[in-house]
Amino acid sequence: MKHYLVTGGAGFIGSNFVKYILKKHTDIQIIVLDDLTYAGNLGTISKDLEDSRLEFIKGNIVSHETVESVFEKYSIDTVVNFAAESHVDRSIENPQLFLETNILGTQNLLDTARKFWAVEKDSTGYPVYQKGVKFLQVSTDEVYGSLGETGYFTETTPLNPRSPYSASKAAADFIVLAYAETYKMPVNITRCSNNYGPYHFPEKLIPLIIKNILEGKKLPVYGDGSNVRDWLYVEDHCNAIDLVVTRGRLGQVYNVGGHNEMKNIDIVRLTISTVRRLLEENPEYKKALKTDIININDNLITFVKDRLGHDRRYAIDPAKISSELGWTPETRFADGIVKTIRWYLENQNWVDEVTSGDYQKYYRQMYGSE
Ligand code: NAD
Ligand code: TYD
């Protein structure tokens, strides 16, 4: 039995990863460590917790005592670090929290893993680690900065982060790579493009747009809507991480992306037309509507003030993970977006649950009352 410590496993990608691993593997015990910030929700994995292969611990990755106690209690051999503050807009408002969680949290996890995994020193003073241990840092393509109209991010593209979020993720990447050199720690980094799918917190573009459509609210598009993101269905990302954990070459970085660039405005228009079509096709879905006004059309779009330092375009070249590990995305965007919207139409309870805290306050601060 392997023992994975999955941090941030109650968030969007982390929870999808937990479900993916439980379904695909029988020989992996998962310990989720998650502080249940506004973005984490225990309900997301409550069904999965009925499985004895999954355990949940509430705690902060920055806390030395917490992380040590997890390593003391369980024979952790693999760390998959999803835990992070993940929203660019919030990083613009409160950079410090991003630096604390994303940088110091990663360093604390690395130091604890190093302490528990090192069994001896070699003749030159480098630590020698237990067999089969690995630290996987889940990073983002945003560390590379912003592209112009052409070109792709490869693993050798210099890091050039431009938001407090991406700067904190880039710093964490550098720390991970530094530990690989200095202490010969067995690590990998994955850098993925924008994910979408079930359990995505409705502060990010796609779930926010779906939520607002169902409430008859305006759909805020930053700037002129021509910024480009490269979208990947979350399960394809989970599959990539699984491959890198099990077969990735130690010390290597792997970019993950499915060649699916789209302008924000096109995503919003497609989401509008897909929600409208699904509501027409299945009257049951009308239960998800929170308004009597059912004018679901492009008039809902409102162009709002642009994000500060808004990165223009992201686009991943996934050639390395494809050729080395045979990874290819399975879900075409046209199918993934329908699956995702169906999921939201069928899971409004989840949306209500995760937005029952400070969400309204956050929303008013960001977008005003509309
Ligand atoms: P998310 O915000 O949905 O989830 C983050 C989770 O981490 C939450 O469950 C939260 O409670 C937990 N958490 C936050 N601070 C913590 C702390 N100090 N200690 C313990 N737990 C804490 O984020 P996500 O979208 O699932 O992203 C997961 C990871 O993937 C992040 O590292 C992010 O940088 C990276 N990533 C995300 C995307 C994307 O499109 N969402 C793309 C590439 C990489
Ligand atoms: P987001 O989902 O926050 O992801 P990221 O900034 O990490 O790429 O935003 C995706 C794109 O959508 C980004 O270009 C900003 C834009 N956006 C809007 O136009 N309106 C919104 O309300 C949000 C949340 C994002």
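Order of listing sets the numbers, starting from 1, for every ligand and every atom in it. All residue numbers in this chain count up from 1 along the given sequence.
- Between F17 and F82, the ring planes are tilted. Angles from 30° to 60° get that label.
- Within ligand 2, the atoms closer than 4.0 Å to a non-hydrogen atom of P220 are 18 (C), 19 (O), 20 (N), 21 (C), 22 (O), numbered from 1 in the order shown.
- Remark: the S86 side chain and the K204 side chain contain an N/O donor-acceptor pair separated by less than 3.5 Å.
- In the vicinity of S193, heavy-atom distances shorter than 4.0 Å reach the ligand 1 atoms 42 (C), 43 (C).
- Closest to atom 19 (O) of ligand 2 among all protein heavy atoms lies Y222 N, 2.8 Å.
- In N60, the parts holding a heavy atom less than 4.0 Å from any atom of ligand 1 are both the side chain and the backbone.
- Residue contacts with ligand 1, taken as heavy atom pairs separated by less than 4.0 Å, do not involve F17 at all.
- Atoms of ligand 2 lying under 4.0 Å from any heavy atom of V88, numbered from 1 in the order shown and given with element: 6 (O), 7 (O).
- For atom 27 (O) of ligand 1, the nearest non-hydrogen atom of the protein is I13 CD1, 3.8 Å.
- Ligand 2 lies nowhere less than 4.0 angstrom from a heavy atom belonging to Y165.
- Residues passing the salt bridge (charged side-chain N to carboxylate O under 4.0 Å, His left out) test with K211, sequence neighbours excluded: E215.
- For atom 3 (O) of ligand 1, the nearest protein heavy atom (residue, atom name, distance) is F12 N, 3.0 Å.
- Counting the atoms of ligand 1 from 1 in the order shown, those under 4.0 Å from a heavy atom of L36 are 11 (O).
- Backbone and side-chain nitrogen or oxygen atoms of H237 are examined, and none is located within less than 3.5 angstrom of a nitrogen or oxygen of ligand 1.
- Interface of H310 with ligand 2, defined as ligand atoms under 4.0 Å from a residue heavy atom, comprises 13 (C), 14 (O), 15 (C).
- The distance from ligand 1 to the heavy atoms of K169 drops below 4.0 Å at these ligand atoms: 31 (C), 32 (O), 33 (C), 34 (O).
- For T7, the closest heavy-atom approach to ligand 1 does not fall below 4.0 Å.
- Numbered from 1 in the order shown, with element, the atoms of ligand 1 that lie under 4.0 Å from a heavy atom of S86 read 1 (P), 2 (O), 23 (O).
- Contact atoms of ligand 2 toward N194: 4 (O), 5 (P), 8 (O) (distance under 4.0 Å to a heavy atom of the residue).
- Those atoms of ligand 2 that come under 4.0 Å of a heavy atom in E203, given as number and element, are 24 (C).
- The salt bridge (Lys or Arg N to Asp or Glu O under 4.0 Å) analysis of residues 345-362, with sequence neighbours excluded, yields the pairs K290-D352.
- Using a 4.0 Å cutoff on heavy atoms, G59 counts as a contact of ligand 1.
- Each of the atoms 9 (O) of ligand 1 lies under 4.0 Å from some heavy atom of A10.
- The contact set between ligand 2 and H87, taken as ligand atoms under 4.0 Å from a residue heavy atom, comprises 3 (O).
- Ligand 1 places these atoms under 4.0 Å from at least one heavy atom of S139: 43 (C), 44 (C).
- Counted by atom type alone, Y222 and N227 present zero donor-acceptor pairs between their side chains at under 3.5 Å.
- Checking only distances, D35 does come within under 3.5 Å of ligand 1, N or O to N or O.
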